[in-house]
Amino acid sequence: MNIDYGWRGPGDFRRWGPYLSFGNSAATEMRVSWQSKFHSMTQWIQYGETKDCPLRCDEDVFPTCMHSFSLTSLKPNTRYYYRISRPEDLQVEPQPVYSFMTGPPDGSPVPFEFSIAGDIHASGGNARALFTSIRTNAPKAHFVVTAGDCVDHGGHEERWNEFFWELVPFSSEFILMNATGNHDTDHAETYAHFINTFHHPYVNPKKGAYYHFIYGNAVFIVLDSTNAGQTAATQGVVSDEQMEWLEKVLNLYALKDYWIFLFMHHPMYTTGDTGMMDIYELAYRDLFDNHHVDGVFFGHDHHFEVFWVGKDQPWGGTHYCLVGNGGGNLGLFNMDPKLQPKPPNYLWKGRTYIYERDGLLGGNVEKGIRNDAIVTSSHVYGIMEYGFTHFVINGDQCEMRMWGLQNQLYFHDAFNRTGHGKSFHKPLHRQEF
Ligand SMILES: [Fe+2]
Ligand SMILES: [Fe+2]
């Protein structure tokens, strides 16, 4: 694929960006970041509600290539224009004017849309193909949450270059919120690179890239299952600090009756290559059940799969969604055991797996890797296709769709919530190919 890496003429000091992210509140805070080609002392951003960008925010830092401005006290539901610059450019040529929208007031039940893209592993144009599909099939998506593994190797600068260059047509207007993946942050050095690239409202970045943000009547909780680059030591289970913080946030927003969506890279439930380690269920399940978490999203395995756990509970249960089908090579081990040295955990018959249709699928019966009880009680749908997952939230209603790169609608589900927790689902509207 020929990739247009965007406007990088003589007056362009950028290497990447600009790119956008929310602060703790999508309504009032926006962060604008970019990387410059060379270290520089002073750069600034102009912004405002009109295209002449009358307000200005200066940066006063040590020489750096990574520039990031937090614009605060913004008005909800408002379009802002912005322009990044540095003193020399006043003599070269004016920089382009971009724009973004702030989110609705915190707690407001207005309709909104967002998308999730896991395991993009940007390479050879796949990130651009994915975001092109988002723009085409979900043009109202205000923001995108990535579920880790945006790149193959977080320590290789060229991999991040590729990620951001592929996002050139999108990053100045899409808001990106990110979770760490093992490929992004497999040790302390790559973790440092990650948090210097994605300036999210981290609680304690020394312990991990965990944070939350509010959008309308939903709270988005992002865990760092690499624990600040220590994945191997922790097997992807978050530290005590994160668990204690998570419980506080869940307590707060369950009481406020928000939608609760939670993201982490390592999967709790999957019939893919990683398997289902008991330790995840032991660590999280009671907490999520007790706080009526609505959706938990993870990647790491490279396919799409949905488990509806606790559907018999009065509060409606939790959707656990594996969304690792954003671009990294699909987990074909499930379909062809010859591709890996040991038998797969579950052996898919084809590119889809549906427990109701297929029953329990054979494979490795190693204890602690399979969780047949969850599959039997909760499996909804699995497919080996690239794509992204899109959500339309309208008050207490949620619609979820998984779109492919060639605009195929692979999966469609709808569920409601009433009071403290969801009601039982409306019938599923699955489209199976
Ligand atoms: Fe991955
Ligand atoms: Fe991963």
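Both ligands and their constituent atoms are indexed starting at 1 by order of listing.
- Residue contacts to the Fe ion (ligand 2): H266 brings no N, O or S atom closer than 2.8 Å.
- Taking backbone and side-chain atoms together, D149 has an N/O/S atom less than 2.8 Å away from the Fe ion (ligand 2).
- The Fe ion (ligand 2) sits nearest to atom ND1 when only the N, O or S atoms of H300 are considered.
- We find that E399 and R401 are joined by a salt bridge, their nearest charged nitrogen and carboxylate oxygen being less than 4.0 Å apart.
- Y211 and N204 share no donor-acceptor pair across their side chains, judged by distance under 3.5 Å alone.
- Between the side chains of W348 and T271, a donor-acceptor pair is found at a separation under 3.5 Å.
- Restricting D119 to its N, O or S atoms, the one at the least distance from the Fe ion (ligand 1) is OD2.
- With 2.8 Å as the limit, H265 counts as an N, O or S neighbour of the Fe ion (ligand 2).
- For E162 and R128, the salt-bridge test fails: no basic side-chain N is under 4.0 Å from an acidic carboxylate O.
- The Fe ion (ligand 1) has an N, O or S atom of H302 under 2.8 Å away, backbone or side chain.
- A cation-pi arrangement is found for R370 relative to Y346, the charged atom lying closer than 6.0 Å to the ring centre and inside a 45° cone about the ring normal.
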